[in-house]
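First the structure, in the form of structure tokens, and then the observations on it.
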There are 2 protein chains.
Amino acid sequence: MTVDTKPGPRRRDAPATEMPDKEGIVGYKLRRAQLVVFHDFLQTFARMKIRPAEFSVLSMIARTPGLKQTEIAEALGIKRANFVALMDGLEARGLADRRKGGADRRSHALHLTPEGERFVRKMVAVWHEHEDRMVDRLGGPQERDRLIELLDRLLAGQEAAKED
Amino acid sequence: MTVDTKPGPRRRDAPATEMPDKEGIVGYKLRRAQLVVFHDFLQTFARMKIRPAEFSVLSMIARTPGLKQTEIAEALGIKRANFVALMDGLEARGLADRRKGGADRRSHALHLTPEGERFVRKMVAVWHEHEDRMVDRLGGPQERDRLIELLDRLLAGQEAAKED
DNA sequence: TATTGTTATACTCTATAACTATA
DNA sequence: TATAGTTATAGAGTATAACAATA
């Protein structure tokens with residue numbers, strides 16, 4: 001266990017200096033940074049009317065067509081009950097569809113429509129603007145990779161914590 | 001502008017390989033990691049019934065007593081309208097109070113009650129469990145500092161983007 | 001019995017507009 | 001006119017329970 005206390009004398013009645021400063025707190029900084037990045041994402045995609053969750057769903061369908069709802073929802077950390085309205089929206093816009101006819105007649109295979117394919121190509125081009133801007137802020141692809149690696153350690157810790 | 005494309009030949013009709021993979025996307029990883037850290041925080045503070053926003057408000061009042069609501073809300077990225085119910089809760093629990101009587105009779109000076117002082121001391125002790133766990137997952141205080149620095153770059157980029 | 005998709009519902013967070021009392 | 005605190009409200013996001021169809 002890491003106890004990150006600084007050496008040296010410490011007075012008894014100085015609670016103010018013992019208080020955690022938000023600027024050094026992992027969760028706080030993580031939240032603020034995530035909000036900033038999502039805000040940039042939302043601004044970038046305001047015209048295309050795409051939200052982060054919709055973006056990740058369309059990307060995943062494009063990468064791996066034919067997956068069923070539960071598979072995509074679980075991979076993205078979306079509850080399957082909440083996935084329904086999201087997918088309804090994409091279907092209503094003619095970007096993706098649910099196809100029945102597989103071996104398991106309970107499930108739907110998710111695919112992009114031809115219009116969805118075109119939309120996703122534009123979406124990815126626009127996304128590069130956003131992502132390049134974030135990578136630039138970080139200091140380049142190498143710094144981006146360092147960040148991703150550190151974030152993966154937090155995520156891996158969660159995996160380990162679940163096994164009990 | 002950083003364009004992070006890999007060299008080498010690229011086929012025309014292979015959209016699947018051109019799609020962004022969520023595992024390398026800054027915003028996506030940031031969100032997932034933040035959820036994991038907040039989940040650990042919520043578990044850790046389930047008994048004390050403290051949410052992240054309440055934690056940061058109590059910490060800030062403890063560090064700098066006498067600030068007014070708007071100052072704390074703005075520093076923490078909370079809309080002043082949403083701060084009211086949060087502060088109502090802390091006051092109802094007897095942890096903090098709004099004191100009138102300053103030069104500006106519109107504003108409230110925020111302070112901890114004696115019970116709030118005791119509560120915050122316990123809260124900070126419990127928080128160390130959580131924070132140490134996160135720092136351990138990252139690989140130690142040095143790795144934590146690296147992460148904070150990278151997140152600060154994203155936040156600094158936002159500051160710069162606002163000036164227009 | 002278990003799983004897939006679905007509906008309904010509730011709770012939290014966040015955002016905006018408008019009010020009041022003071023400045 | 002502007003600011004501090006407040007109220008009301010609306011929209012996302014997220015969580016759980018329960019159901020029908022199918023396995």
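In what follows, chains are A, B, ... by sequence order, proteins preceding strands, each numbered from 1.
With rounding to whole Å, B:His108 atom NE2 is found 6 Å from D:dG5 atom P. Separating the CZ atom of B:Arg80 from the P atom of C:dC19 is a distance of 14 Å, rounded to the nearest angstrom. Atom P of nucleotide D:dG13 and atom CE of A:Met87 are separated by 17 Å, given to the nearest angstrom. Distance CG (A:Leu35) to P (D:dA12): 17 Å, rounded to an integer number of Å. Atoms CG (B:Asn82) and P (C:dA18) sit 17 Å apart, rounded to a whole Å. Rounded to whole angstrom, the span from the CD atom of B:Glu54 across to the P atom of C:dT12 amounts to 10 Å. In this structure, CG of B:Leu42 is placed 12 Å from P of C:dT12, rounded to the nearest angstrom. What separates CG of B:Asp88 from C1' of D:dT6 is a distance of 9 Å, to the nearest Å.
The residue A:Ala53 sits apart from the nucleic acid: no heavy atom pair falls under 4.0 Å. Using a 4.0 Å heavy-atom distance criterion, A:Ala85 is classed as making no nucleic acid contact. Among the heavy atoms of the strands, none lies under 4.0 Å from B:Ala73.
For B:Arg98, a side-chain nitrogen or oxygen approaches OP1 or OP2 of D:dT6 to under 4.0 Å. Distances shown here put every side-chain N or O of A:Arg106 at or beyond 4.0 Å from the OP1 or OP2 atom of C:dT6. Considering only side-chain N and O atoms, B:Lys68 lies under 4.0 angstrom from the phosphate OP1 or OP2 of D:dA4. Residue A:Thr70 places at least one side-chain N or O closer than 4.0 Å to OP1 or OP2 of C:dG5.
Within the 4.5 Å cutoff, the side chain of B:Arg105 has no heavy atoms near those of the B:Lys100 side chain.
The distance between the ring centers of A:Phe55 and A:Phe41 falls below 6.0 angstrom.
A donor N or O paired with an acceptor N or O is not found under 3.5 Å between the base of D:dT22 and the side-chain atoms of A:Arg105. For a distance-only test at 3.5 Å, the side chain of B:Asp104 fails to qualify as a donor-acceptor partner of the base of D:dA4.
A side-chain donor-acceptor contact under 3.5 Å links A:Asp40 and A:His130.
Sequence order on DNA chain C of the closest nucleotides to A:Glu71 and B:Lys79 puts A:Glu71 first from the 5' end. Both B:Arg31 and B:Val84 lie close to DNA chain D; mapped to their nearest nucleotides by heavy-atom distance, the more 5′-ward contact belongs to B:Val84.
Although no hydrogens or angles enter the test, the distance criterion places a donor-acceptor pair under 3.5 Å between the side chain of A:Thr113 and the main chain of A:Gly94.
Residues B:Arg98 and B:Asp88 are paired through a salt bridge, judged by an N-O separation under 4.0 Å between the basic side chain and the carboxylate.
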